[in-house]
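Residue numbers run from 1 in the order of the sequence given.
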Amino acid sequence: MTDPPPLRPRCASLFSRACLATGVLVWLTACGQKEGSGLERVQRAGVLRWGADAQGGEPYAMEDPEHPGQYRGFEVELADALGRELGVRAELVQNDWSSLIPTLERGGSFDVAMNGMEITPTRAGRVLFTRPYYLFHLQLMARRDDTTVTGLESLRGRRVGTLSNSQAWELLRGSGAQAIPYEGVQEPYIDLEQGRLDAVLMDDIIAQRYGLQRPGLRVVRDVAEGYYAIAVRPGEEDLRQALDEALGRVARSGELREIFRRWGIDTAAEQRMVEWTEAQTREVLSHTSTSRLDWNQVLLFLQASLVTLGVSVGAMVLAIPLGMALALGRLYGPKWMGVFTTTYVELLRGTPVLLQLYVLYYGLAGVLRLGPLSAAILGLGLNYAAYEAEVYRAGLLAVPRGQMEAALALGMPTRLALRRVVLPQAFRVALPGTTNDFIALLKDSSLVSVISVVELTKRMTITAVDVRSWLLPGALCAVLYLAMSYPLSRLARMLEAKLERA
């Protein structure tokens, strides 16, 4: 009887066919996505999908409390008017504000971006902009008891909060001020009031609704003006032209300023949006700029890596002893202590660390004034202590009960028996888990950017927007994370081997 033919060639043939079919499917999908113009795509779908971030709040776009799942705001009404002019329905697509432009460039999620999207030289070099639909001013605010803030020239070397990758962000970086990036519009004014910032520079619409409501703050002055416009994907000139014409009709009919009046943002200066010309659009969009990933930005990456490492080490230094205390209290302490430690562990493990950072930094700001770095270390340390407690509890339970009983029989007090007999053996068991937690903490430290700490991942996102690429900044960020975590893994393995020989 002859042997059956080998299976390897047949498997290779099937694998090759599967790869070929997958490639053809991807190619057909890509071709289908590119077919037709931007305007044709919108009209064929019957909907104009516009990207925005409801976290920006009033008066731009926000969830309607009276109609859950729906949105309201002056840009929502403007989008509806533009959709009507194009003969389609407008639909808001939720997207983080700082990544609206990258998501638009990537394609597939929405057709245009419209959410207080300022025309800046960097953005003008990346996407198409329609004619402006709103004129705003950058408004500088400070504390009432701080008279040293008088204008941009007085901000050199001082902490000034603003939205990252905004017009104010670019202006501050060129003024010598220490620009502190934020994701939301309310948080900078909280930090200014609490003394964590020296000033805040944001659009006047934001300043009036979130800054002037705080009695401890004052308006210094307007320092620049800018324009909101709709961002369109490069290559979709027909869609940009159609939106331009629709905006012109809405403005000339008086509907645009009527929308502004309903939301309390209309001024005499907005008449310029009604009388706007194509020549003015070309003038505004004539200033473009692009950045490259140079050595100065690499240096900023290295500085951000030190911040990440410092926060992670500080948090772990707090988490290790606190976690050990929680584990010992749960296993050897009185009953009430066991209830307390169990509640702590379940509460801290069962709620997102992002929520805990928000509560610690913003929610408790009135009673616990912490700086960004202090809050980051404390928040991550308290959270990881809960995980460490379970790692150490597992290590303690892995030590045979007879070890403790023998130590007590020899006359050792419980504390001495734990320190000399149980803990050294438990440490061997817990070491791999502790090392794994520290590596995880290095990556979780990226969450502290929500409390204005510019760590490695935040630096990567800022640079990616500046240089119009996520690949190189992302690769550099990954290399630096690996450079921090890999030596720790090697050290842990060496220590484990040494303990095994002991």
Parallel, tilted or perpendicular, as decided by the 30° and 60° cut-offs, for the rings of Tyr134 and Phe74: tilted
Validation row: Phe110, Leu104 side chains within 4.5 angstrom (heavy atoms): yes
Test item: side-chain donor near acceptor, Tyr228 and Asp203, under 3.5 Å: yes
Output field: ring centroids Tyr227/Trp276 closer than 6.0 Å: yes
Six-ring centre of Tyr361, Arg196 cation under 6.0 angstrom, axis tolerance 45°: yes
Side-chain donor-acceptor contact under 3.5 Å, Ser37 with Glu236: no
Carboxylate-amine/guanidinium contact Arg262 Glu77, below 4.0 Å: yes
Nearest-0.5 Å distance, CG of residue Leu441 to CG of residue Asp437: 8.5 Å
Sub-4.5 Å side-chain heavy-atom contact between Gln208 and Ile265: no
Whether Ser446 side chain and Lys443 backbone form a donor-acceptor pair below 3.5 Å: yes
Distance-only polar pair, side chains of Gln280 and Arg272, donor-acceptor under 3.5 Å: no
Thr150-Arg221 side chain donor-acceptor pair, cut-off 3.5 Å: no
Nearest non-hydrogen partners of Leu357 and Leu447, listed with the distance: CD1-O, 4.0 Å
Glu66 CD: over 12 foreign heavy atoms closer than 6.0 Å: no
Where Ala81 and Glu255 come nearest, the two heavy atoms and their spacing: CB-OE2, 3.5 Å
